[in-house]
Structure formats: C-alpha cells, structure tokens
Amino acid sequence: MKNLHIIEHPLIRHKLAKLRDEATPMQEFRRLLDDIGLLMTYEVTRELQTVSVEVRTPVGTASCSRLERVPVLVTILRAGIGMLGSFMQMLPESPVGFLGLQRDEETLQPESYYSKIPSVARTSPVILIDPMLATGGSACDAIEHLRKNGVEEITFVCLVAAPEGVRAINERYPDLQIYTAALDDRLNEHGYIVPGLGDAGDRVFGTGADDIR
C-alpha cells in the first residue's frame, strides 16, 4: 500500500502480542502502549530535517546536529492520549494539540467536538497520533481539519491499521505518510479491526459499553 511504513522490530512484535491479549489488564495495557510508542518514535522521526551546530564540551568543540524544526504533536481524542506520552517523552520541546472526533456507532462516521491546535503547526511538521486506523474516517476528518487550518506537513501514526483505513487515506491524501506497528486483516461488520486489540480507548481508560453517560 502506498506510503505505508510498517515498523518491524522484535520488541514491538513481542509487546504488541501482549497488548492484543484480552487478558492483559488496564495498567499493563497502558505500559505496553507507552513502550511501543517510544520504539515507534525512532522511525517516525527519522526523516526530520537537522541543522549543523557547534557545541562547546568540557574539553573542546564538537560538530553536532539539531532539529531544524521541532514537530508538533497532535492526538485524536481520546485513545490517542495513550500514545501521546511516549512521543512527548522523546520530543519534550514539541507543542501539543488535541482533536476530538467521536464515531457514531450506527453510521460509523466521525463527529468533531473539540479542537485546540498550536498555531505553529502551520509552519512545522505535524505528527498526528491515533492508536487505531480502522475505517479511516476519523483520520481523514482530522487531516482535513488540519489542512483547512493551514497545516501542510502531516505524518499519521497508529499502532494497528486495517487495509480499509490505509486505502481511505491513500485515496484522499496520496502523498501523506502512514506509520504503523501492524497491518491487520480487515474490518468486521461493526467497523472494528480484526484481529485488532479491541477498543483502544476503553482498554486504556478502563471504560466499556455499559458505562454511565
């Protein structure tokens, strides 16, 4: 699939196996999600541009490199918060934005309810984070929202993707790069990724279908 980068690493595969397990408790799920996010950050940021700088060390001067532009991190609420911490840990200078997009359980279409994006996103690379790329509806709506507000450089990062979601992004945004830890088989009739790992938001926050609304 076009512009799809599947990050292959033994530690990611090992931790993803535990993450998928329905018996994995909430606190362990959070830790594993954070661990995988840290490992993915290395590859996601590989193409960031750097500039040469001279750094004075205790014993001399070193020729070094620093990021030319620090990326902005944007997470799709609420499941994206589970991966945000790992990216913030690796990129502590990055501004952070939030997008609220909620899926209608009947139509499977996303609905926007919150947006707070740093203005510097218009002139910086943006890393858009959401653990699950299922139908692609939420991801495409998030990308469209950013584009309409002057954001041009966007990279989409997810933990698990379905072919349908990847195709949806490819069709609407053919030049946008997608990074994932796994490309799964398909979507089921409810729009969930198979085999997937269930509802990432519910597993991160300990919620379920029968919660108080």
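This structure is a prediction, so every number in the text was calculated from the model and none was measured. Excluded from the calculations below are hydrogen atoms, water molecules and symmetry mates; all remaining heavy atoms, backbone and side chain alike, are included.
For the pair Phe29 and Leu197, the minimum side-chain heavy-atom distance is below 4.5 Å. In this structure, Met88 and Pro92 have side chains that are not in contact, with every pair of non-hydrogen atoms separated by 4.5 Å or more. Using a 4.5 Å cut-off on side-chain heavy atoms (C-beta onward), Pro71 and Leu48 make contact. Using a 4.5 Å heavy-atom threshold, the side chains of Thr45 and Met90 count as separate. Side-chain contact between Thr135 and Glu164 is absent, with no heavy-atom pair separated by less than 4.5 Å. Side-chain contact check for Asp130 versus Phe156: some heavy-atom pair is nearer than 4.5 Å. Contact of the Ile127 side chain with the Val74 side chain is not registered, since no non-hydrogen atoms from C-beta on lie closer than 4.5 Å. For the pair Glu144/Tyr173, a side-chain contact is recorded, criterion being any heavy-atom separation below 4.5 Å from C-beta on.
With respect to Arg30 and Asp35, no salt bridge is recorded, no charged nitrogen being found less than 4.0 Å from a carboxylate O. A salt bridge between Glu152 and Arg122 is absent, with no side-chain N of the basic residue lying under 4.0 Å from a carboxylate O of the acidic one. Comment: Arg20 engages Asp184 in a salt bridge, judged by a side-chain N to carboxylate O separation of less than 4.0 angstrom.
Closest approach of Ala161 to Val166, counting heavy atoms only: CB-CG2, 4.0 Å. Of all non-hydrogen atoms in Asn3 and Pro174, the two that sit nearest each other are ND2-O, 2.5 Å. The shortest heavy-atom contact between Ala181 and Ile6 is O-CG2, 4.0 Å. Nearest heavy atom pair, residue Met132 against residue Gly198, reads CE-O, 4.1 Å.
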Next item on the list: List the steps and the verdict of side-chain contact (heavy atoms from CB on, under 4.5 Å) for Ile178 and Leu176.
Entry: CA-CA 7 Å; Ile178 304 167; Leu176 194 140; 4.2 Å; yes
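With hydrophobic clusters built from ILVMFWY side chains whose heavy atoms lie under 4.5 angstrom apart, Leu159 shares a cluster with Ile81. Cluster membership check: Leu99 does not share its hydrophobic cluster with Val96, using side-chain heavy-atom separations under 4.5 Å among Ile, Leu, Val, Met, Phe, Trp and Tyr. Hydrophobic clustering (ILVMFWY, side-chain heavy atoms < 4.5 Å, transitive): Val120 and Ile117 are in one cluster. In terms of hydrophobic clustering, with Ile, Leu, Val, Met, Phe, Trp and Tyr side chains grouped at heavy-atom distances under 4.5 Å, Ile143 and Met83 are assigned to different clusters.
Here the options are Leu128, Val157, Leu84, the test is side chain to side chain contact (heavy atoms under 4.5 Å, CB included), and the partner is Leu73; only Leu84 passes.
Using modelled atom types, one finds no donor on one side chain facing an acceptor on the other under 3.5 Å when comparing His5 with Thr180. Side-chain contact check for Ser63 and Glu54: at least one donor-acceptor pair (N or O, by modelled atom type) lies under 3.5 Å. Side-chain N/O atoms of Thr207 and Arg78 include a donor and acceptor closer than 3.5 Å.
In this structure, NZ in Lys2 is found 11.5 Å from CD in Glu171, a value given to the nearest 0.5 Å. With rounding to the nearest 0.5 angstrom, the NE2 atom of His9 is 6.0 Å from the CG atom of Leu39. Rounding to the nearest 0.5 angstrom, the gap separating the OG1 atom in Thr41 from the CZ atom in Arg46 is 13.0 Å. Residue Asp175 holds its CG atom at 12.5 Å from CD of Glu153, rounded to the nearest 0.5 Å.
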